[in-house]
Amino acid sequence: MRDALILGIETSCDETSAAVTRGGSEVLSNVIDSQIAVHRVYGGVVPEVASRSHIEKISAVTGVALECAGVSLADISAVAVSAGPGLVGALLTGLGFAKGLAFAARKPLIGVHHIEAHICANYIATPGFEPPFVALVVSGGHTSLVDVRGYREYAVIGSTRDDAAGEAFDKAARALGLPYPGGVEMDRLARSGDPKAIPFPRGLTGDGLDFSFSGLKSAVLNYINQSRMLGRAIVPADVAASFTDAVAGVLIEKAERALRRTGAQRFALAGGVAANSFLRSAVYDMAARLGVDVSIPGAELCTDNAAMVAARAYYDYAEGRRHPLSLNARPSIAVGGEFV
Ligand code: KG4
Ligand code: ZN
C-alpha cells in the first residue's frame with residue numbers, strides 16, 4: 001500500500017497542476033503551471049479564462065508530471081482530482097480530464113477536497129507529522145481553523161464570517177496600487193515598513209474562533225482615501241506592515257485559543273497565505289511559546305498544487321474508498337464533507 005503511486009490533478013482556481021506521489025508523502029513530481037500572468041491584466045481571476053486555460057494546459061502538464069516521475073499511466077494506482085471547493089468551471093475541466101484518464105486506463109478515481117488537500121501538504125513537508133493537530137488554513141477563498149482528528153477526520157472549529165485572509169491581502173494591495181496577486185507584493189513591501197505605524201482594527205477579537213477581515217479591508221481603504229483628502233503622505237510599506245501585523249495578530253490569537261480548547265500538541269499552517277513571511281515567523285514564535293510541534297509547508301506546497309491532492313487521496317485509497325465516474329464538482333462543499 002505504501003508503494004501506491006497516486007496521480008494528482010488540481011485545477012480548482014488559477015493553477016493547472018499534476019503530480020505523482022508514492023504513498024501519502026513522497027513526491028516524485030509536482031508540476032505547477034500558474035495562470036497569474038493571464039489574469040494580471042484583469043486585476044483578478046476571471047473564471048471563464050481560468051477554465052479555458054486549464055483545458056489548454058492540463059494534458060501537457062500531466063504528461064510532464066508522469067515523465068518527471070519516471071512512470072507511465074499504467075504504473076499509476078489511482079487518479080486523484082480536486083472536486084471542490086473552487087470555481088465550478090475550473091473544477092469541471094480537471095474532473096473531466098481525470099475521469100477520462102481513469103476510464104481509459106482502468107484506474108480508480110478519487111475525488112479530493114481542496115482545503116483538506118492544503119492541510120495534507122504538511123504530511124509531505126514535515127516527515128512524521130500526523131494527526132491529531134489543529135490546522136489554520138489561510139487561502140484566497142478560505143480562512144478556517146480545523147481540528148484534524150485523523151487522516152480522514154476534519155472538523156471546522158472557526159472560520160471567516162466575510163472575507164478570506166488572502167482576499168483581504170489582495171484587496172488591500174489593490175488599494176495601494178500593487179499588481180495582482182497582491183499578497184506576495186504586500187509581503188515584500190511590509191519588510192521595509194513599520195508594523196505599528198497605523199493602528200488598524202482587528203476583527204472579532206472576542207473569545208470565539210471565527211474571523212472577520214472586511215472591517216480591516218475597509219479601514220485600509222478609508223485610511224488611503226482620508227490621507228489623499230488631507231494631503232497626508234501615504235507610506236505604502238507602513239500600510240502593508242501595519243495591515244499584515246493586524247491580520248497575523250488576529251490569526252495567531254485564534255490559533256492559540258484553538259490549541260488550548262482542543263488540547264492539541266501539534267499545529268499546521270496551510271494555504272497560499274501560509275507563504276507570508278510574517279505569519280510564518282509568528283507561528284513559529286507561538287509554537288515555541290506554547291511548546292507545540294509545528295509544520296509549515298514550503299512556498300511550492302502552500303500554493304495550489306497537485307502533490308497535496310495526491311497526498312489527501314492516499315488515505316482514501318488506503319481504505320479502499322473510490323468514487324464513481326459520475327462524480328460531480330462541488331464548488332461549495334464544506335470541510336469534512338463527503339463527495340458522494
Ligand atoms: O491557496 P491559494 O494558492 O489559492 C486558493 O485556493 O485561494 O491562495 C492564494 C492566496 C492569494 O490571495 C494570494 O495573494 C495569497 O494567497 N498569498 C499571500 C502570499 N502568497 C500568496 N498572501 C500573503 N503573503 C504572501 N506571501
Ligand atoms: Zn487553494
Side-chain angles (χ1 to χ4, degrees), residues 8-17 19 30 32-36 39-40 43-45 47 50 54 81-87 90-91 94 112-122 135-144 146 159-160 163-176 178-191 193 195 213 216-217 220 239-241 243-248 250-251 268-283 296-309 311-312 331-333 335:
I9 307 276
E10 160 62 42
T11 64
S12 68
C13 189
D14 62 342
E15 264 87 31
T16 311
S17 181
N30 189 20
I32 306 169
D33 185 273
S34 172
Q35 302 175 3
I36 282 177
H39 298 287
R40 182 168 280 146
V45 177
H54 288 312
V81 60
S82 273
L87 302 170
L91 289 166
V112 167
H113 193 292
H114 177 81
I115 300 299
E116 295 174 11
H118 270 299
I119 294 172
C120 291
N122 285 285
L136 172 61
V137 186
V138 272
S139 75
H142 295 85
T143 298
S144 300
V146 183
S159 55
T160 184
D163 293 349
E167 195 180 349
F169 264 104
D170 293 344
K171 286 176 178 168
R174 187 198 280 239
L176 283 173
L178 299 172
Y180 169 84
V184 68
E185 298 290 333
M186 292 283 278
D187 195 355
R188 199 169 305 144
L189 198 55
R191 284 176 206 155
F213 294 108
L216 173 58
K217 172 194 68 189
V220 172
V239 176
F243 171 86
T244 304
D245 189 62
V247 174
V250 84
L251 290 173
L269 198 57
V273 183
N276 185 270
S277 52
F278 296 88
L279 180 59
R280 294 171 83 89
S281 52
V283 166
I296 308 181
E300 185 178 301
L301 289 169
C302 286
T303 194
D304 288 347
N305 69 90
M308 68 184 196
V309 174
R312 172 63 186 87
S332 311
I333 187 170
V335 169

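First listed ligand is number 1; within each ligand, the first listed atom is number 1. Side chains are part of it too, since the values below use all heavy atoms of this structure and drop only hydrogens, waters and symmetry mates. Only a predicted model underlies this, so the values are computations on that prediction, with no experimental measurement involved.
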Numbered atoms of ligand 1 (with element) below 4.0 Å of Thr303, judged on heavy atoms: 3 (O)
Over 12 foreign heavy atoms within 6.0 Å of CZ, Arg174: no
Metal-centred angle, NE2 of His114 through the Zn ion (ligand 2) to NE2 of His118, rounded to 10 degrees: 90°
Residue part near ligand 1, for His142, under 4.0 Å between non-hydrogen atoms: neither
Cys13 touching ligand 1 at heavy-atom level, < 4.0 angstrom: no
Shortest protein heavy-atom distance from atom 10 (C) of ligand 1, along with the residue and atom involved: Gly140 N, 3.5 Å
Partner of Leu251 under side chain to side chain contact (heavy atoms under 4.5 Å, CB included), chosen from Leu269, Val138, Asn276, Val283: Val138
For Gly183, the ligand 1 atoms whose distance to one of its heavy atoms is below 4.0 Å: 14 (O), 18 (C), 19 (C), 22 (N), 23 (C), 24 (N), 25 (C)
Residue list, salt bridge (charged side-chain N to carboxylate O under 4.0 Å, His left out) with Arg40, at least two apart or on another chain: none
Residue and atom name of the nearest protein heavy atom (relative to atom 24 (N) of ligand 1), distance in Å to one decimal: Asn276 ND2, 3.0 Å
Nearest non-hydrogen protein atom, atom 1 (O) of ligand 1: Gly272 N, 2.9 Å
Under-4.0 Å heavy-atom contact with ligand 1, by part of Val273 that carries it: both
Element-labelled atoms of ligand 1 that are located less than 4.0 Å from some non-hydrogen atom of His118: 1 (O), 6 (O)
Residue part near ligand 1, for Met186, under 4.0 Å between non-hydrogen atoms: neither
